[in-house]
Amino acid sequence: MHELSIAMSIVDTATLEVQKAGAHRVDAIELNIGEMAGIEWEALDFAWPVAVKDSVLAEAERIIHRIAPSAHCRDCGHDYRPDTLYEPCPNCGNPFIAFTAGKELQIKALTIS
Ligand SMILES: [Zn+2]
């Protein structure tokens with residue numbers, strides 16, 4: 001499952017950060033996840049407890065910020081909000097979509113203790 005490997009790589013990153021800080025665990029983790037990042041939310045919810053078990057994230061509160069998609073057309077400069085990964089520019093029809101947001105998958109903040 002794709003989401004399990006994502007959750008486990010988040011655990012790896014958090015573990016490194018906790019070690020770097022000389023701390024023991026994460027109290028809270030904030031994630032920025034784009035709505036076009038290809039994440040199945042239910043699958044992530046399912047994978048999360050499996051991935052964080054016995055890790056620094058085991059007790060962490062998880063806060064997910066869903067980032068709405070937006071795109072910028074490189075041909076005509078039009079900014080728009082695509083509903084799919086392949087939505088062409090509604091202004092000029094340029095099919096090469098350039099996302100400016102909505103595909104991120106990143107740790108925004110860790111509260112460590
Ligand atoms: Zn355009």
Side-chain angles (χ1 to χ4, degrees):
M1 186 171 47
H2 176 60
E3 283 73 13
L4 182 58
S5 61
I6 289 166
M8 292 181 81
S9 75
I10 292 170
V11 170
D12 286 345
T13 304
T15 303
L16 270 178
E17 292 299 321
V18 166
Q19 284 169 354
K20 263 196 257 174
H24 301 289
R25 64 193 189 96
V26 176
D27 291 328
I29 182 166
E30 285 186 58
L31 303 169
N32 279 345
I33 303 181
E35 288 177 359
M36 296 283 170
I39 301 294
E40 293 283 344
W41 305 102
E42 285 180 18
L44 184 62
D45 281 345
F46 184 77
W48 188 261
V50 179
V52 304
K53 189 169 181 287
D54 300 325
S55 80
V56 296
L57 283 170
E59 307 291 326
E61 183 190 1
R62 186 185 51 153
I63 301 148
I64 293 180
H65 303 282
R66 292 194 191 196
I67 311 297
S70 62
H72 178 79
C73 177
R74 293 196 182 112
D75 276 2
C76 74
H78 186 63
D79 290 306
Y80 61 105
R81 179 175 173 157
D83 290 320
T84 72
L85 277 175
Y86 306 103
E87 189 170 312
C89 172
N91 192 47
C92 74
N94 173 14
F96 300 107
I97 185 168
F99 279 90
T100 51
K103 293 190 81 176
E104 51 278 270
L105 176 59
Q106 58 199 194
I107 297 174
K108 179 171 183 258
L110 284 172
T111 309
I112 288 172
S113 67

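Just follow the structure's listing: the first ligand is 1, and inside any ligand the first atom is 1. Note that the structure is a prediction, hence the values are computed from the model and not measured.
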Between I107 and I10, is a side-chain contact (heavy atoms from CB on, under 4.5 Å) present by the stated rule, with each step listed? CA-CA 8 Å; I107 297 174; I10 292 170; 4.0 Å; yes

Given E17 and V26, is the side-chain contact (heavy atoms from CB on, under 4.5 Å) satisfied, shown in steps? CA-CA 9 Å; E17 292 299 321; V26 176; over 6 Å; no

At a cut-off of 2.8 Å, list the protein N/O/S atoms near the Zn ion (ligand 1), residue plus atom name. C73 SG, C76 SG, C89 SG, C92 SG

Without swapping roles, check the side chain of S70 against the backbone of T100 for a donor-acceptor pair under 3.5 Å. no

Are V52 and I63 connected into the same hydrophobic cluster when the rule is that any two of I, L, V, M, F, W, Y join if their side-chain heavy atoms are below 4.5 Å apart? no

Apply side-chain contact (heavy atoms from CB on, under 4.5 Å) to R62 and L44, showing your working. CA-CA 12 Å; R62 186 185 51 153; L44 184 62; 4.1 Å; yes

Sequence neighbours excluded, every pair satisfying salt bridge (charged side-chain N to carboxylate O under 4.0 Å, His left out) that has a member inside residues 67-92: E35-R81

